[in-house]
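Single-structure report; data block below.
Atoms considered below: every heavy atom in the structure, side chains included; atoms not considered: hydrogens, waters and symmetry mates.
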Amino acid sequence: MPQPVLQPPLTAPDRLNATLSEQGFAVLDAASVCAMAGIALGKLQALQASWNALPPDQFLKDGGRYRRRRHASFELIDQQVKQVPHRAHWQPLSYNALHGGMQRWFEPMDSAVLQQDAWQKLLSWLARVASAAQGEQTWFAEAHQFRIDTTDGIGRPTPEGAHRDGVNWVAVFLIGRHGIKGGETRVFDMDSPHGQRFTLIEPWSLLLLDDARVIHETTPIQPETAGGWRDTLVITLRSGGFLDEPELIAPQAAV
């Protein structure tokens with residue numbers, strides 16, 4: 001018999017800030033996301049077709065063919081969303097032991113998606129949430145569209161395992177699931193053995209993480225029908241600048 005799916009511990013909108021402060025993460029259902037961001041659900045659903053045109057991830061070091069993705073970067077200033085020129089995604093090995101230390105130039109997100117009012121409102125809302133927790137400031141955001149499929153018989157949403165992203169906040173939106181089992185989300189405290197596990201099922205439900213306090217992972221997916229997949233949107237927010245590869249600067253000569 002199939003194992004029962006563990007339901008996510010949903011947070012009421014008026015408890016979002018308190019829950020993030022208390023435990024370092026919160027889960028919102030789609031209705032709460034829409035209400036807090038001021039977006040009609042239909043406007044978010046209109047973005048979903050773009051997940052059908054994601055190119056293969058050319059940087060998987062485990063030899064897999066199960067991941068497709070696109071990437072874009074933004075500065076969020078005073079509720080304004082400013083897209084920056086396309087740039088590489090980079091993480092140090094200390095945060096991503098599998099793919100860290102390399103510049104990964106993913107294909108850019110479709111401009112037709114980025115120009116949608118719903119997209120602009122979604123990023124502006126996340127900036128407001130981050131500023132409510134850590135003070136008003138410019139947020140440096142990276143957005144990743146993911147499709148994990150069962151081309152290889154198994155798909156790994158987090159092949160690097162339980163990890164942090166090296167940012168301040170991580171927002172994981174479930175976009176959809178089709179013909180799969182697995183894909184369980186696991187969130188663990190950084191400084192204790194305490195953790196929770198659950199499965200995101202509802203499209204546009206959100207897991208919001210304080211990246212300094214918790215680590216997270218998602219278990220592999222397996223096919224229940226041919227062509228199974230799991231789509232997510234991951235948006236990270238970082239203060240002070242993007243996470244960039246350190247420049248090698250030659251030391252100055254002594255004088």
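Put simply, the side chain of Arg213 gets close to the backbone of Ser21: a donor and an acceptor are under 3.5 Å apart. Proximity of a side-chain donor or acceptor of Ser32 to a complementary backbone N or O of Leu28 within less than 3.5 Å is not detected. Between the side chain of Gln137 and the main chain of Gly135, a donor-acceptor pair closer than 3.5 Å is present.
Between Val214 and Met190, every side-chain heavy-atom pair lies at or beyond the 4.5 Å cut-off. Between Trp105 and Gln58, every side-chain heavy-atom pair lies at or beyond the 4.5 Å cut-off. In this structure the side chain of Arg69 reaches within 4.5 angstrom of the side chain of Asp57, judged on heavy atoms.
Side-chain contact check for Gln48 and Asp231: no donor-acceptor pair (N or O, by modelled atom type) lies under 3.5 Å. A donor-acceptor contact closer than 3.5 angstrom links the side chains of Gln79 and Arg128. Side-chain atoms of Glu107 and His71 include no donor-acceptor pair closer than 3.5 Å. Side-chain contact check for Glu184 and Thr218: no donor-acceptor pair (N or O, by modelled atom type) lies under 3.5 Å. A side-chain N or O of Glu142 and one of His89 form a donor-acceptor pair less than 3.5 Å apart.
Aromatic rings from Phe140 and Phe74 are positioned such that their centres are separated by 6.0 Å or more.
The aromatic rings of Phe106 and His144 sit perpendicular to each other, their planes meeting at more than 60°, with 30° as the lower class boundary.
Evaluated for a side-chain hydrogen bond (donor to acceptor under 3.5 Å, both in side chains) with Arg65, the options Thr151, Asp152, Asp149 yield exactly one hit, Asp152.
Partners of Phe173 under the ring-ring contact (aromatic ring centres under 6.0 Å, His included) rule, at least two apart in sequence or in another chain, are Trp204.
Figure legend: cation-pi geometry between Arg147 and Trp51 absent, as NZ or CZ is not positioned both under 6.0 Å from the six-membered ring centre and within 45° of its axis.
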